[in-house]
Amino acid sequence: HVQLVESGGGSVQAGGSLTLSCAAGRYTYKRNCMGWFRQRPGKDREGVAGISTRYWSTAYADSVKGRFTISRDNAEKTTYLQMDNLAPGDTAKYYCAAGRVPYGEWILTLRFYNYWGQGTQVTVS
């Protein structure tokens, strides 16, 4: 069973920054792709940023490219999401997820992620 615990959410003014962290529990962390997803009020859950196990390649939603950066520390079993130049449209509950994404598939394909954290709220005003 994969345990994922997010932290680092909060409230920030537009233009500010936050860093989210996702700590994984007992599991072969390095085998999984890690992703950050978010769910905005009244919207479906959407992929924000993902990082693979193969060559640590990354993928970002168009809406966050150039502003968000995902990274992972396999030794610490922790995934990070650095969020800069935040905008009110980024207000959402952010979820960390782990899953095996087949080679050639887009890293942020939701259906491949079967382990989820409880989420952390990010509010931008």
For Thr123, all residues meeting side-chain contact (heavy atoms from CB on, under 4.5 Å), sequence neighbours excluded: Ser11, Thr91, Gln121
Partners meeting ring pair (Phe, Tyr, Trp, His ring centres under 6.0 Å) with Tyr113 (sequence neighbours left out): Phe37
Qualifying residues under side chain to side chain donor-acceptor pair (under 3.5 Å), relative to Ser17, sequence neighbours excluded: Asp84
Closest heavy-atom pair and its distance - Ala98, Met34: CB-SD, 3.5 Å
Pairwise side-chain contact, Thr69 with Tyr60, heavy-atom cut-off 4.5 Å (strictly under): yes
ILVMFWY network linking Phe112 to Trp116, side-chain heavy atoms under 4.5 angstrom: yes
Joint cluster assignment, Ile107 & Leu110, ILVMFWY side-chain distance < 4.5 Å: yes
Rounded distance [0.5 Å steps], CD1 in Ile51 versus OH in Tyr80: 12.0 Å
Disulfide (SG to SG under 2.5 Å) partners of residues 62-125, not counting sequence neighbours, each pair once: Cys22-Cys96
From CA spacing to verdict: side chain to side chain donor-acceptor pair (under 3.5 Å), Thr78, Ser21: CA-CA 7 Å; Thr78 301; Ser21 299; over 6 Å; no
Taking every non-hydrogen atom, the tightest pair across Met83 and Val122: CE-CG2, 3.9 Å
Salt bridge (Lys or Arg N to Asp or Glu O under 4.0 Å) contacts in which one or both residues fall within residues 86-97, not counting sequence neighbours: Arg38-Asp90, Arg67-Asp90
For Glu6 against Thr120, the heavy-atom pair lying closest together: CB-CG2, 4.0 Å
For Thr19, all residues meeting side chain to side chain donor-acceptor pair (under 3.5 Å), sequence neighbours excluded: Gln82
Salt bridge (charged side-chain N to carboxylate O under 4.0 Å, His left out) against Asp62, all qualifying residues, sequence neighbours excluded: Lys65
Salt bridge (charged side-chain N to carboxylate O under 4.0 Å, His left out) against Glu105, all qualifying residues, sequence neighbours excluded: none
Close side-chain approach of Leu81 to Phe68, heavy-atom, < 4.5 Å: yes
Which residues share a side-chain contact (heavy atoms from CB on, under 4.5 Å) with Pro88, sequence neighbours left out: Ala14, Val124
Taking every non-hydrogen atom, the tightest pair across Ser52 and Cys33: CA-SG, 3.6 Å
Non-hydrogen side-chain atoms of Leu20 and Trp36 separated by less than 4.5 Å: yes
Shortest non-hydrogen contact from Val48 toward Val64: O-CG2, 3.5 Å
Non-hydrogen atoms of Ala61 and Leu108 that approach each other most closely: N-CD1, 4.0 Å
Aromatic Tyr95 / basic Arg45 pairing, under 6.0 angstrom, 45° off normal: yes
